[in-house]
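Heads up, the thing below is written out as structure tokens.
Per chain, numbering begins at 1; letters A, B, ... match sequence-line order.
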Protein chains: 4
Amino acid sequence: MTVVQQLIDDGRLTDPGSAKGRLLAAAAQLFKHKGYERTTVRDLASEIGIQSGSLFHHYPSKEAILKAVMEETIVRNTALMQAGLSQAESPRDKVLALIRCELQSILGETGEAMSVLVYEWRSLKPDSQQHILALRDIYEQLWLDTLAEARAAGMVQTDPFILRRFLTGALSWTTNWYKADGEISIEQLALDALTLAVK
Amino acid sequence: MTVVQQLIDDGRLTDPGSAKGRLLAAAAQLFKHKGYERTTVRDLASEIGIQSGSLFHHYPSKEAILKAVMEETIVRNTALMQAGLSQAESPRDKVLALIRCELQSILGETGEAMSVLVYEWRSLKPDSQQHILALRDIYEQLWLDTLAEARAAGMVQTDPFILRRFLTGALSWTTNWYKADGEISIEQLALDALTLAVK
Amino acid sequence: MTVVQQLIDDGRLTDPGSAKGRLLAAAAQLFKHKGYERTTVRDLASEIGIQSGSLFHHYPSKEAILKAVMEETIVRNTALMQAGLSQAESPRDKVLALIRCELQSILGETGEAMSVLVYEWRSLKPDSQQHILALRDIYEQLWLDTLAEARAAGMVQTDPFILRRFLTGALSWTTNWYKADGEISIEQLALDALTLAVK
Amino acid sequence: MTVVQQLIDDGRLTDPGSAKGRLLAAAAQLFKHKGYERTTVRDLASEIGIQSGSLFHHYPSKEAILKAVMEETIVRNTALMQAGLSQAESPRDKVLALIRCELQSILGETGEAMSVLVYEWRSLKPDSQQHILALRDIYEQLWLDTLAEARAAGMVQTDPFILRRFLTGALSWTTNWYKADGEISIEQLALDALTLAVK
DNA sequence: AATGAATGAGCATTCATTCAT
DNA sequence: CATGAATGAATGCTCATTCAT
């Protein structure tokens with residue numbers, strides 16, 4: 001968790017204990033379960049125990065909250081992925097590290113925010129999409145580089161672009177069916193997903 | 001297309017040339033591109049050249065239109081999959097037939113409706129979800145049976161439930177990135193996807 | 001009143017008996033007495049006995065109502081002034097006709113709308129201002145031409161532009177103090193105003 | 001400027017260099033250009049570099065600021081008019097002094113406040129209107145006395161009440177069209193206005 | 001004095017739905 | 001079947017004002 005703590009200290013991530021941080025967590029949860037459009041600012045406000053008008057003291061619009069949820073998610077997950085990658089050595093371990101890391105993001109505590117990132121894209125204004133896309137590119141490049149390395153090592157036949165996109169879908173979809181209290185662990189799921197990607 | 005024509009003749013599918021049929025096609029398109037919530041009944045009505053009030057002579061509510069789009073999609077695709085399966089023999093061919101069929105549903109002419117089925121689930125009332133789920137079970141059983149057969153043949157190691165879910169995500173996500181006018185054909189994409197599933 | 005009736009028949013003016021017409025009359029009254037900003041759409045709606053949401057069936061925004069009030073006022077008054085001018089012969093009579101006509105607009109039945117035109121200008125969006133300005137130019141040209149004629153006849157020394165502006169202010173201000181039930185008639189007021197302008 | 005300095009020393013006028021004074025100047029400017037309703041307390045506060053909450057240490061409400069702007073304007077202009085009158089001798093010079101003085105108030109440095117006095121009247125609470133009216137009566141009496149004197153001298157035919165009201169409108173309207181950097185000086189404008197009033 | 005987070009009533013506008021014609 | 005005026009509840013957002021620090 002030191003990676004995340006460092007981001008908070010650097011001001012690149014909102015402290016989850018602060019008012020803004022609690023708002024973002026509540027927003028991620030509500031946006032995931034009800035959808036952005038069906039979530040009203042009154043829902044958001046009552047979730048953290050303030051009046052709807054007070055929300056606009058923290059963010060200028062509902063859309064800005066959505067954007068913040070997405071931005072924080074990418075920033076955090078990019079850092080986590082870089083940390084995960086730095087501890088892996090073989091191409092296989094690197095791919096596994098990425099899969100494990102993305103699954104943890106999707107299915108762990110911050111899963112709601114990750115889900116929002118995937119499913120509420122249309123609700124962002126074009127400006128905001130542009131901004132998030134730039135951040136997402138950094139994140140995706142980590143994937144593409146790693147898959148290219150695995151391909152160079154002969155472990156993967158499929159084009160990295162296509163493979164990454166299949167994996168994006170396969171992994172993000174887990175949010176719709178995986179139950180943490182079920183029989184299968186995230187680690188096992190990651191291994192299963194790995195067999196999709198490499199031989 | 002005879003399979004579909006038969007469903008229309010049987011009254012299990014709406015004739016796409018009829019007023020209702022054109023409404024469903026327009027709804028699928030709008031729901032996909034703007035999202036269900038952001039699509040107004042006025043959008044829907046003007047798309048087929050009537051007034052918004054007149055919509056309610058065809059469907060009792062906006063949600064009923066969403067439900068109908070989803071229902072028709074499942075009914076049509078279940079029939080298409082059954083037709084596809086009946087022409088395949090080996091387990092590998094059967095899996096490829098399912099993948100090809102699902103990709104055609106997602107990326108072809110009726111792709112919008114398929115996308116709606118996946119991404120607008122939350123906007124259905126619980127009653128309607130129940131109803132659609134029952135239809136979906138039939139569809140999913142085709143997948144599970146086929147994957148189990150492939151596993152029995154030693155072509156697949158992963159648990160069919162998990163594998164099917166990975167594939168669901170991977171294939172449905174293609175709607176967000178695949179370009180029909182790009183370099184890769186749907187058939188090639190199906191083959192790439194097949195390598196995810198089987199060795 | 002035939003001039004006005006003709007405009008209604010031509011579709012250049014809203015029929016005051018129609019729903020839209022009654023809305024415009026009510027808007028003019030409320031905008032004058034409470035100001036545009038302080039008048040809510042609920043005020044407007046309840047004044048004509050409908051719900052606030054129904055207002056938007058007739059006009060797309062509150063500002064559009066303000067714009068319509070102004071536009072109708074200029075169109076009507078331009079026509080009335082042209083009619084008044086056509087019955088005057090001498091330069092003095094023409095100036096008197098314009099003054100009388102403008103005073104009647106300001107102090108008569110449609111006075112509220114005239115007042116709105118003068119005092120709520122800032123509340124119009126720039127686009128709308130542009131549109132109204134074009135109409136106003138026609139109206140003002142009638143004044144400038146007439147004052148120039150009076151000056152050519154030696155009846156006026158002051159520059160017509162400046163004189164017109166002094167008169168605009170003097171006449172529009174009457175709305176703030178003139179009482180119809182007082183001792184002085186509009187005709188007498190017009191004569192008094194005439195002595196401001198000409199010797 | 002000694003007249004105004006004396007009022008400041010007497011505590012009847014706020015020192016324009018003080019925090020309150022700068023607030024009133026900013027308020028006058030904003031109220032004129034955006035209108036009272038459209039000017040927010042945040043606008044006001046940011047203009048003088050404080051937070052909106054801090055405004056309420058100086059004035060108990062937004063309306064109190066409007067009232068103060070109006071009150072100061074009348075007090076200052078009444079003093080300036082009295083000073084101007086005391087240096088004029090003939091009835092004609094006296095009327096000219098009043099016109100010049102009022103135009104300078106409207107078009108000079110403090111013009112914004114004068115404009116607010118005229119155009120934001122409706123936004124004052126009735127109590128405050130009462131209070132300002134009492135001050136205004138003193139100011140208006142200077143006008144009425146002077147016009148009555150001119151009439152007694154045969155220079156004016158029109159009833160002083162009516163003439164004053166015409167002049168109020170004509171002069172206050174100049175704020176909407178006069179450009180300080182144009183061809184005509186305020187002095188010339190005053191002479192033009194004088195010819196409206198007297199022969 | 002000043003801050004700034006919070007309030008809460010109010011605003012213009014949207015929109016699925018109804019229904020008399 | 002279709003219209004289109006009307007509904008009325010709901011929405012995102014604003015803003016003067018309060019108050020603990």
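No hydrogens or angles considered: nothing links the side chains of A:Glu63 and A:Ser123 as a donor-acceptor pair under 3.5 Å.
Here the side chains of A:Arg136 and A:Leu117 are in contact, with some heavy-atom distance below 4.5 Å. Side chains of D:Thr40 and D:Ser52 form no contact here, defined as non-hydrogen atoms less than 4.5 Å apart.
Taking CD of B:Glu71 as the reference point, atom CG of B:Leu135 lies at 5.5 Å (rounded to 0.5 Å). Put simply, OG1 on C:Thr14 and CZ on C:Arg76 are 9.5 Å apart, with the number rounded to the nearest 0.5 Å. In this structure, the separation between NZ on B:Lys20 and CD on B:Glu72 is 9.0 Å, given to the nearest 0.5 Å.
The interatomic distance linking C:Leu55 (CG) with E:dC11 (P) rounds to 14 Å, in whole Å. We find that CD of D:Glu37 is positioned 11 Å from P of E:dC11, with the value rounded to whole Å. Counting to the nearest Å, the C1' atom of E:dC15 and the CD atom of B:Glu63 are 16 Å from each other. Between C:Lys34 atom NZ and E:dC11 atom C1' the separation is 13 Å, expressed in whole Å. In this structure, NE2 of B:His57 is placed 17 Å from P of E:dA16, rounded to the nearest angstrom. Spacing between atom CG of B:Leu30 and atom P of E:dA16 amounts to 12 Å, rounded to whole angstrom units.
Residue C:Leu44 comes nearest to C:Leu55 through the heavy atom pair CB-CD2, 3.8 Å, listed as atom of the first residue, atom of the second, then distance. Nearest heavy-atom pair across C:Val69 and C:Ala28 is CG1-CB, 4.1 Å. The shortest non-hydrogen separation linking A:Asp15 to A:Ser18 is O-OG, 2.7 Å. C:Lys62 approaches C:Phe56 most closely through the heavy-atom pair N-CE2, 4.3 Å.
Contacts between chain D and DNA chain F, taken as any atom within less than 4.0 angstrom of a protein heavy atom, begin and end at F:dC15 to F:dT18.
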Legend entry - Dot-bracket notation for DNA chain F, counting Watson-Crick and G-U pairs under 3.5 Å, with | for partners on another strand: .||||||||||||||||||||
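Of the residues in residues 115-129 of chain C, not one places a heavy atom less than 4.0 Å from an atom of DNA chain E.
The side chain of C:Arg42 lies closest to E:dA12 when the candidates are E:dG8, E:dT3, E:dA12.
The existence of a salt bridge linking D:Arg122 and C:Glu120 is confirmed by a sub-4.0 Å separation between a basic side-chain nitrogen and an acidic carboxylate oxygen.
If A:Gln51 and D:His58 are placed on DNA chain E by their nearest nucleotide, the residue sitting closer to the 5' end is D:His58. Between A:Val41 and B:Ser54, the residue anchored nearer the 5' end of DNA chain F, judged by the nucleotide with its closest heavy atom, is B:Ser54. Nucleotides of DNA chain E nearest to A:Ala19 and B:Lys62 differ in position, and the one nearer the 5' end is that of A:Ala19. Toward the 5' end of DNA chain F, the nearer of the two residues D:Thr39 and C:Gly49, judged by each one's closest nucleotide, is C:Gly49.
Below 30°, between 30° and 60°, or above 60°: for A:Tyr36 and A:Phe31 the angle between ring planes is above 60°, a perpendicular geometry.
Note on A:Ser52: a base of the nucleic acid sits closer than 4.0 angstrom, heavy atoms only. Nucleic acid contact class of A:Thr40 (heavy atoms, under 4.0 Å, all strands): sugar-phosphate only.
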